[in-house]
Structures are given as structure tokens and as C-alpha cells.
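Computed from a predicted structure; not experimentally measured. Each chain gets a letter, A, B and so on, in the order the sequences are listed, and its residues count up from 1. Below, each value reflects all heavy atoms present in this structure, side chains not excepted, and no hydrogens, waters or symmetry copies.
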Amino acid sequence: MSEATVIEAKNLSLTFQTNDGPVHALQDINLEINKGDFVSFIGPSGCGKTTFLRVMADLETPTAGEITVNGMTAREARKNRAYGYVFQAAGLYPWRTIGGNIKLPLEIMGYSKTEQNERVARVLELVELSGFDRKFPWQLSGGMQQRASIARALAFDADILLMDEPFGALDEIVRDHLNEQLLALWARTEKTIGFVTHSIPEAVYLSTKIVVMSPRPGRIADVIESTLPRERPLDIRDTPEFLDIAHRVRDGLRLGHGDDV
Amino acid sequence: MSEATVIEAKNLSLTFQTNDGPVHALQDINLEINKGDFVSFIGPSGCGKTTFLRVMADLETPTAGEITVNGMTAREARKNRAYGYVFQAAGLYPWRTIGGNIKLPLEIMGYSKTEQNERVARVLELVELSGFDRKFPWQLSGGMQQRASIARALAFDADILLMDEPFGALDEIVRDHLNEQLLALWARTEKTIGFVTHSIPEAVYLSTKIVVMSPRPGRIADVIESTLPRERPLDIRDTPEFLDIAHRVRDGLRLGHGDDV
Amino acid sequence: MTSSPSIISRVTPVLTIIAIIIAVWYAGAVALNAPWAQDKATRAGVTLSFSELVSDTWAQEKPKLPAPHQVAKEIYNTTVMKKITSKRSLIWHGWITLSATLLGFALGTGLGILLAVGIVHSRAMDLSVMPWVIASQTIPILAVAPMIIVVLNAVGISGLLPKAMISMYLSFFPVVVGMVKGLRSPSAMQLDQMRTWSTPKSTVFWKLRLPSAMPYLFTSLKIGMAASLVGAIVGELPTGAVAGLGARLLAGSYYGQTIQIWSALISAAVLAAVLVALIGLIQRITLTRMGMLR
Amino acid sequence: ADDVTLQLKWVTQAQFAGYYVALDKGFYGEEDLNVTIKPGGPDIAPAQVIAGGGADVVLDWMPSALASREKGLDLVNIAQPFKSSGMMLTCRKDAGVASPADFPDKTLGVWFFGNEYPFLSWMSKLGLKTDGSAGGVTVLKQGFNVDPLLQGQAACVSTMTYNEYWQVIDAGLTPDDLQVFKYEEQGVATLEDGMYVMGENLKDDAFKDKMVRFVRASMKGWKYAESNPDEAAMIVLDNDASGAQTEKHQKRMMAEVAKLTAGSNGALDVDAYQRTVDSLLSGGSDPVITKEPVDAWTHEISDLALK
Amino acid sequence: MIWILCGIIFWLAMWAMNLRLSKAKPNKLIGFIIPTIFGLTILVLWECVVRGFEISPVLLPTPTAIAARFGNSIPILWVDFVQTFVKGALSGFILGCGAAFLTAIAVDRSSFLQAGLLPVGNFVAALPIVGMAPILVMWFGFDWQSKAAVVVVMVFFPMLVNTVEGLKASDHMQRDLMKTYGAGYFQALTKLRLPAAMPFIFNGLKICSTLALIGAIVAEFFGSPIKGMGFRISTEVGRLALDMVWAEITVAAIAGSAFYGVIALIEKAVTFWHPSQR
Ligand SMILES: Nc1ncnc2c1ncn2[C@@H]1O[C@H](COP(=O)(O)OP(=O)(O)OP(=O)(O)O)[C@@H](O)[C@H]1O
Ligand SMILES: Nc1ncnc2c1ncn2[C@@H]1O[C@H](COP(=O)(O)OP(=O)(O)OP(=O)(O)O)[C@@H](O)[C@H]1O
Ligand SMILES: Cc1ncc(C[n+]2csc(CCO)c2C)c(N)n1
Ligand SMILES: [Mg+2]
Ligand SMILES: [Mg+2]
């Protein structure tokens, strides 16, 4: 693991002002993410995972504390196109076909026409949507839309990949397949990945670091460094070591939930 | 279990016409659902689960075959307000608060003001969103929106509850809690429930009947009648009987996937 | 792509409504023109039977409301029966108005979109220009039109352009209002998506804002087109009412020739309806190609 | 050839026949002039056009020209082809108007846009208030046509002897149904359709020379039109770009206009001028002009033109 | 020349100031100051140009002259305002927009009307006001009723088009939800289609608010009692009292902007949920 710090949050807090009082979405978050880390965020619904990811990508401005990305502000990092972001909802543009949606960031970043087509074909293959590139979003099922949006984020080479429950709407088999693909991609490219999930096995299987969050105000309850090797076949999920980590995550979650349920 | 047939599909097929050729979403579906059944639909992404649910609720018209609901056409059943439907995406109305969104079907169905308020409070409690009724949808996290839309479907007394991956965006603990609540509600009210999920344990835990679908064209690969008792504590998930059924479902799924992955 | 229902099922409703309108129109002609017919009769000392009354009200030379066939005959006489180069040909006048309308519409749409783009992208413009754009529309055009024409004339601009300017003045506003709304209609998530790619403003405009604004744009264009035509006609009055449908309207009013007014009016409306329908057609084609019509 | 632009006070019609005849018969060309005639209309104030530099000569009614002069616009009358006024008030007998004594509490249609001055000075001479108060008259701003009279919305409307009066007749009312009051006969006539230029231009000899030739050719046109009214009407018709005028109406108009221009050689009649000024000055509490105008006219041009 | 120079310098200074201000944190005060400065700049520039080029007051009076005339003529301006704005424009606006709204709903409800009325409606509403005005004056008389009628005709089409478009604006899932409730037409209309249509409806109302004023004023050119903003404008142009004309135009601009502003405020309250409001 390389030791360069990519993302660093210091005493980060974020409060939303709403019509009936403030909502403390994040409070006193301190976290360091190193280059090449695969960090999963897990925590009860509404605890601030999305908000934290958005802060990292400079889509939300913290009300206190600070965040640095690659030694610069999140804003500068964004300007340098450091991010690939998969939103919690697919968010495809309805007037573009699936292929067109995936091409969009490539067009923006000035890839050549041939490269665009090549990459679209490649990522569609990756998410098992070959043959759907000329369909419009509303002609796809929910899971297919989600996959298209993952393909869109993978089509270009961002240093940092932020994924907000990307595999939530997928069946186990596709999900396993995509998990493997993602790990392969990560191993190949040394990307830094921030990943929100509700599945404990998924978090343990994928991550080098698991951040367990507790709700209202959103805080970090536990940070678990994975002791699993970087090379991970699917059946690593049956090893005692794996189950051990999973157990620790589950405990952290339960603790966080305690005061709420 | 009562033996009255509630939903009956006979040789049902549905083909979408798109700009680049027809898509066979459903083909030759034959299925009978009895009163009080809890039927889960499981299958790979894009296999036609949503489409089938939509056909049942008369939101889509089959291109061949027929479907009867309570002995009438789906259309008549819809006009009789037989359905509660939870969409795959939350679909809350942005101009209404969470409370207002849940009230919407109650207003339409002519519940009294006091009953409306009572029911809103009750279902918000059920999905653990008490205190959020005056927030607007965009002020909620993804999982919270999903829960609000579940609450909306549970607020009124529909005979048939159709739920399209309602718990996809929720963490394990909330999910378990809602699974229990749903079972309790079902036991209490004798509703007939159609439920789409990607989680095999969830399907097995909840259902009296599990429909495994295979993709393109969407067909029924297997129908598994559950042998579990109606009364189901959470730890039933560790019994051999449970694991047995889960195994059968997984096999059915793999079979269906085979030609595709 | 969109399966078109048979022509007959589309035309029948239109014909039915037109039939109803014509019936109401004939009845209206009787009602409105009857007093004058009676007035004449009393002064001549005769009493009219009902059928005499009806036939009189449908055949007056300067009726309060001319009957449809009178207008139709006038239109026929001034279109088909006249050479199109003749000054008495409605087609010739229609063309003069149409050319100013189209130029004004093009200018107005351009200006409207330009302003909307500025307003959406620059807070300074939003705050400072928008209130004055609104104020500009409260200035009665008929009052300023002559001044504009006089001033433009003084600097040597005459002919088509002054009329087109007035037409532009009326048509740019609906476009600004609609486009500002439309360009701001992308959802927060769609905009965030663009931000994560650090997309330049211009690209956000072309690839997100503009496509989202399409439904608003076409609605605005339809209104803008109708406004352009009104502008072109208004612009024709202070040029000395030399030519064009506006001149016909004015000359008609000046000499109390209601039949001539109505035929110019109907021609103008036909022109507007055709232009608006044309935009509707383009809208259908564009939106279908964009996958936004299902 | 020298360019001259003439701004008319109204749309192309026989009221302006002299100028169209001069153009069509080449009288302007003979004087080495290249004349452009701009038709007017309901929103065109000739005074404003000349102030904006859109014309060299304009046709205007004297009350309006003198009022503009008081506003600081240096308009000077250089010729006056119309000797008498064509204005009148046309009333329906069945509305109960037989003499000016019947005016109180009646509704009268009046043209505004600078054309209201003769009416206002007449009313103030009659001692009738026009602000709608009891015992006065109710004034309507009359549109382009005579509808208010036909429909009984007004007891009287303003008409010109050569134009609107005949529209009333054409509409089916007979002269017997009508009671007309000519401004000439009521002693409140003001001078109409004079030629006006900017005073400062008259300091330029070249301009003056141009105007002399213009007035000479125009008067030749007028005299030709007077003696060949039908031909003149047809020339006007040919020049009407709107294609809306009818031959019958223009011929009749030409005949009536000829009566008004008859007897004028183009030179301003100083007595008539003074009469107009006096009537405008005597407007009671709200006179049209407040002081005796100076240098509002000149014989310089017409004298040279008539030589 | 001095005037022109002063004007340009003032302009540049104000421009710089506005740019600076617009970068500051947005607040109500700035939202008010910026347009004011912009307007002030235009007025000063106007004054300087008129004085600098010695433009005749019968063509374009200076803002100071207009202000003076305005101050001296408040009673007349008020009478005109009531006649034209309150009686003519406002009543016509309410009637016209109301009628268009109801028509839009009828059109939306019945596919027969949709096919039949919409094209014909477009056609009827496209009748140019300049032509309609004399006819409506002929039918409804000289007073404000005919002005209101002109306004009705003028605002009808923009309102109709926007409402019809708005009624189509709800998305598929939202409509499907209504279907699953077996909601009746009227319920779907009030609970879904109308709220979703509001952004379009307000679009229409905003455009119509300015049209209404123009319509009422223009209609007075074709016959009117001797009061009203349009009457005054057309009369005073003929008298070359351009300062009075511009004083009336100022009243029109203020009234129109206020009218528009009120509608925009209501819009903000009603469509707070729409992305364009956030
Ligand atoms: N725009 C907003 N305005 C007000 N409150 C907000 C806003 N966005 C989020 N919140 C609140 O902030 C809290 C954290 O939301 P966030 O979306 O980060 O949760 P999450 O961890 O992603 O949940 P989930 O797993 O359900 O997606 C929630 O309580 C939510 O109500
Ligand atoms: N409106 C439509 N037009 C055309 N094709 C459609 C349409 N809706 C769905 N489809 C196609 O029908 C097939 C089935 O879609 P459906 O939404 O039923 O899948 P699903 O089983 O719900 O998948 P998921 O689990 O991903 O939600 C897909 O291949 C999809 O592309
Ligand atoms: C709005 C309006 N104003 C004045 C007249 C009267 N008029 C008839 S001919 C003519 C030209 C003067 O020589 C004038 C002013 C009108 N009919 N309509
Ligand atoms: Mg989230
Ligand atoms: Mg689905």
C-alpha cells in the first residue's frame, strides 16, 4: 500500500438548514485515506454517508473543519477532474441513449471519437449491457440503469472513484461479478475508491478500510483496517478471517444503531 | 392459507417496441397467486420482474395472454383500489412534505382528517421516520426516501400489496426490522403481497411462494412453495430447512443466468 | 415512430369545431347587424320579416360583424383573383408582413436566448438586467414604435428592419422568461453530475441545460412567433401604413370597411397558426429524436 | 437633382392629390427635384418626423404646428395650398342635436393626436366645459372611423367634408338624418394642411431655393388636380401601396378637396393666419397657445415661387 | 462633449461597482441595490446623451424633465392608472387567464377537444390585437370594457399554451402512482397534474402580466374616453409633450414591474420545490 495521503478530513462538520430547524448531517469527522485505498462506508440509513461522499467531491461545503484532496482543496481537485462519481440514483440524462450517456464525460474531457466508442463498448461489456447502447434510459430496468451509471463513471480515468451504493439494485450474481471486476480494475489502476454499501460482506470483501458510521449527528463509530490480502478470490468470503472482520463491522453497526432503533 | 385465487396469469407475454427492434420482456408467463400469499419474485437484473408487477397493477398492457385479478380484469381491480404499489424508485412528489406524500392516497380515498393524521403517524413510526413528516423529499437520504415511499403504500388498506425492491437501499438492521414488520402486517391483515427482491435470504424469509425468473425473454424458471411455517422469528434463517430453500432458489437463479453471464 | 391515427380521426374534430364556430359566427352576425338593419328599415318606414332581416344582416356593405361567406369571398377575391404582385393582393401584403415577422422572430429568439444564457450564468446580469427586461415589456409598443421608426429613419434605416425590430421587441420576452426557467430546470443531481466532471460552463450549457430547456423553449417559441407577427403588424402602422397586413387592417379601419379588416385579420391568424403549427412540428420531431416524447 | 422628402399628415388619399400629381406628371422633375412622399398615419406626428430629420417639408394643421412651435420646435409655414377648412361636426338629428345650443350633456367624438385644438377652441368659445362635468359636453376619443355615430355611442362625431362625412353617407344615413356644423360657418375655422419647414434651414440659400422650386411644382400639381379631378384621383389610387382605397371614394374626395384649395395660390393668407392665431389664443383658461407667435410663417418662399 | 465624457466615466464606474457587488454574498439588500444601480446608470447615461448631443425634447426628453413632469401631474397619472390598469388590464387579465386555464383543462380532458379546439384556439388567439382592438371597441364600447376584452384576447393564447404544456409535465412514475390509487380524473388533476404544471402556469402568468398592460394601453389608441394611459400617450405624442408621454410610460413600467413582481413572489411560494427556485 502506498503511503501518500489522498484525502484528509479534519474536524469536519456539516449542518443543513431546513424549514423546521437544522439537521446535523456530519459532526467532527476525522479521516485519512491513502493512495490506493479501497474505503467502504457503512452505516444506518440517513447517517451521512452520501453527505460525506459529496463533501469529498466538493458537491457540498462543510460548515466547519476542512478537507484536503491530494494536498489541495476538494474544489481544486474537482477542477483537475480527479473524481469519478456514481450517484445513489442512476441519474441518466433522458434525452441521451445509454451509449450517449456514457460518452458524455468522455466528450467533456475531450477524448477522440474512436476512443469514445472503444471505451463505451468496453465498459458496457464490463457491466453486461452490450447491445443496449442505443436504448434510452426509460427503456431499461432499474438495475440496468444503475449499471449504466456505473459504466459511465468507469469510462474515463479518474484517480478517485466515489461510488454511492452502486450495486444496491443488482442481483447477487451480477453483483458478485461486478465486485470481482471492480477489484480487478482497482488492482490494475491503483485508483483510490470510496464506496458506500449496506452489505457487510460486500464491504469486507472489497475494502482495505471500512468506516462504520453512526447516525444523527453522523459520526465515525469505527475504522476497521482489513487484514485480508489484496488478492481476493470470491471464496475468501468463507474464511474465518473474513467472518471475523464482518463480525466486527456488524458490532460497530449495532452499536451505532442502538440509540436510534 | 385460503384457497381463493387472487391473481391469475395465463400465457402472458409482453413485448416492448423500441427504436431498434422489439424487446421481449415477458413470455408465456403462467402463474396463480392465492389470497394471502406472499410471493417473491427474484431473477437477474432486466428479466422482467418490474414489468410483471406493472402488468398486475394494470400499468402495462400485455401483448398476449391475459391476467385476472379477483376474477376481474386488472383494470377493474385498479379502479376498485385493490393495489398498494411501492415503485423501484421512491417517486415522492417534490411539492409535498413527507407527511403530505403519505397523506396523498388517504386524501384520494377519502379518509377523514383525523384518521389521515393517525395513519401517517403510525406508518412513519413503522419505517422509523417519526419526526421527519414536515421535511421535503430532497431533504432526506436515499434510504429514507425509500422508506417514506413504503410508508405511503402501507398507509391505506389495499388488498394487494406490490413492492418493487422496497428494501434495496436499506442497511441490514433497518431491513431486518422492516422484514419483521412486514410479516407482522401481512399476518394481521391477510393481504396478498407481490415482492421483488435481489436478496435470496429475504425472499426465503418472507415468502410463501418464490418465483424465480430467467431473462430475455422473461420466463418463470421455477416456482418454489415454501415449507416454512407462517410464524417466522428472525432466527429461522439459520434452520436447515431455510438454507435448503435458499439453496434451491440459488440454483434456479444460476440456471437462469447461465446463458447470459 | 409515433403511430399516427388516421387522418380522418384527426380532422373530424377540427372540422366539427370549425363548423360550430361558423354557426355561432353567422348567428352573431345576425345579432350584431340587426340593429343597423332595423334602424335603416325604420328610417325607410318599412318593417322587416325575419328572413329579410337575416338576409340583410348577412349582406351589409359595412356590417358590424361580416358574415363568414362575405369574408371568404373577399379573401378569395384578394388572393386567387389578383396577381400576387398586385398591391391589392393579400398574398403580396401577407408576404411583406411575413418577411418582417420571420426576421423579427429570428432576431428576437436570438436576443432572448442570449439574454437568458447571460441571466442564468451571471448573477450580476440576473439581478440587474432581468428587472429592466420586465420593465421594457410594460412600455406600450404602439407608443414607442413611431419614435423608433422616426429615429431609425433619421439614421437611414428603413424598410424591413425597423418593423423587424419592433417584432423582435415583442418576441424576445417570452423567450427570455421561458428559457431562464428552462435553463434552470436541470435537477440538482444532474448538475452535480456535471460538477464531478468539472465541466466547463459552456459544456454544461450545451449538454445539460439546453436539452433540459427544450420543452420550455418550444412553448416560448410558439408564443414568440405569435408575438412577432403582432409586432410586425404594429410596426407597419407608423411606417405610414404603406403595405402589409397591418396596413390593410389600418386602411380597413380608417374607411370602416369591416369586411376588409376581417379578411386581413383572418389572413394574419392563418399565417400565425401556420407558423405556430410549424414550430409544433419541429418540436415533435426534435423531442422524438431526443427520446423525450413517448 | 436635389432630394426633397415630404411627410404627409395622413395615409395616401386625394387630400394630398396635388403632390402626387406633381410627382406623377413630372412637375418636380422639371424643377430638378427628386421628391419622396412619405405617407402618414394615425401615429405619425409630422412635427416629430421633421425634428428627427426624417423629412424636409411636412404637412400639418396650423393649430398643431403653432402648439409645437411653443414647445420649442421652430416650424415655419412656407405655403398654404388649402384656403378653407374642411372640418365639421356631424350629428344625428335623432340624437336631438339641431344647433350648438343642444350640445350640453351630449357625447361628442373628437380626434386627438394634435387634431383636437380647433374643437377645443370652439367649445371654449361656446363656453362649454369638456371635462365631463355637468352642463358641459362628454368627449370621446374617436377612433379612425365614424362607428360611434352609426352605433349611437356619440351624438356627433368629427368629420372632414371630403372624407368621413361620406363614410356616414355610405353607411346608409342620408343627409336629411344629419345635422352638420362646419367650422368655417361657426367662425372657428383654422388653417389646414400647410407646408412647414424648420426655421433654421431657411437660413441656407440652397435649401430655400429647393423649397421655392418645390412649392412652385406642388402648386402646379394642385392646380392641375383641381381642373382634372378624376385623373388626379386615379393618380392617387396608383400611388396607394396598401391597395385599400376605392375609386369611388377617392374621386368624390378629390372633388371636395378641390373646393378647399380653390382660390389659393399657395401664399399664406395673413388674415386667415391671424384669425387662426386669435382663436387659438382665446381658449379661456386653457388656451392652445399662450402668446402671439413670432416668425411662424414667411412669404419669402411663396413669393419667389409665384414670380 | 463634457456630458458624453461624464456619462461614459459614470457608466464604467457603476459597472465596476456592480461586478464587485455581485460577487459578494447574496442578500436582499444587494438584490435590490444592483438593479437600482443598473437603472440609475441607464438614466444618467440617457441624460448625458440627450444633453451632449442636444437631442430635441420633442424627440427624447431628459429623465430630469420627465421626473419634473411626473411630479406635477400626479392626479392625472393616478386617474389614468385607475382607468387603464385597474379597470382595463387587471380585469382582463383575470378573465383571460381564467378562461385560458379552463380551456386548457377542457382541452386536456377531452382528446376530441384536444384535436379540435387546440388548432382552432391557436388560430383564434393569434388574431392580431391591432386588428381586434377596433372591432372590440366597436362591440364593447369606448370605456374600459372593450380594453378588458382586448386584454382577454391577448393573454388567452400564451396562457393556454403554457397550461396545456404544463399539464403534460408530470413524469411517468408520478402518473403511474396515481393510477395505482385508482384516482379519479379530478383527483389526479388536483393532486398531481396541477402542482406539476405550476412552473409552466406561472411562466404563462408572467408573460401575460406584461401583455395585459400593453393590451389595455394599446386598445385605448382605437377609441376611449378622455382618460387612461393609452389615451394620454397618444394624445400627448401628437402634442409633442414627450415628457408627459414618458411620465405615463414610467407609470406603466412601475405598475407592470410591480405586477410581475407580485406574480413572481407567488410563484416562488408555490413552486418552491422546482429546481429553478433553488
Ligand atoms: N439537502 C438536504 N437538506 C436537508 N437535510 C439533508 C439534505 N441532504 C441530506 N439531509 C439530511 O442529512 C442526513 C444524512 O443524509 P445522507 O444522504 O448523507 O444519508 P445516507 O447516509 O446517505 O443515507 P442512505 O443510506 O439512506 O442513503 C439525513 O438525515 C438527511 O435527512
Ligand atoms: N418502457 C420500456 N420500453 C422498452 N423496453 C423496456 C421498457 N421497460 C422495460 N424494458 C425492457 O424490458 C426488460 C425487463 O425490464 P424490467 O424493468 O421488468 O426488469 P427487472 O426484472 O425489473 O430488472 P431490475 O432488477 O434491474 O429492476 C428489460 O430488458 C428492459 O430493457
Ligand atoms: C386618429 C385620427 N385622428 C385624426 C383623424 C382625422 N383626419 C382625417 S384626415 C386627416 C389628415 C389631416 O389633413 C386627419 C387628421 C382621424 N380620422 N383619425
Ligand atoms: Mg445515501
Ligand atoms: Mg425492476
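Counting heavy atoms from C-beta outward, A:Trp95 and C:Leu208 have side chains that approach closer than 4.5 Å. With a 4.5 Å cut-off on side-chain heavy atoms, C:Ser212 and A:Tyr93 do not count as touching. For the pair C:Thr203/A:Glu107, no side-chain contact is recorded, criterion being any heavy-atom separation below 4.5 Å from C-beta on. Counting heavy atoms from C-beta on, the side chains of A:Met109 and C:Thr199 never come closer than 4.5 Å.
Within a 6.0 Å sphere centred on CZ of A:Arg134, other residues, nucleotides and ligands contribute 12 heavy atoms or fewer. Enclosure of atom CE in C:Met194 by more than 12 non-hydrogen atoms of other residues, nucleotides or ligands within 6.0 angstrom is indicated. When the shell of 6.0 Å around CD of A:Glu115 is examined, it contains more than 12 heavy atoms from other residues, nucleotides or ligands.
Residue A:Ala82 does not touch chain C at all, counting heavy-atom pairs closer than 4.5 Å. Looking at A:Tyr83, the atoms closer than 4.5 Å to chain C (heavy atoms on both sides) sit in the backbone and in the side chain alike.
In this structure, CG on A:Leu59 lies 11.5 Å from CE on C:Met189, to the nearest 0.5 angstrom. Within the model, atoms NZ of A:Lys79 and CZ of C:Arg195 stand 8.0 Å from one another, a figure rounded to the nearest 0.5 Å. With values rounded to the nearest 0.5 angstrom, A:Arg96 atom CZ is found 5.0 Å from C:Lys207 atom NZ.
Contacts with chain A were tallied for C:Asp192, C:Val204, C:Leu191; C:Asp192 has the most, counting heavy-atom pairs under 4.5 Å.
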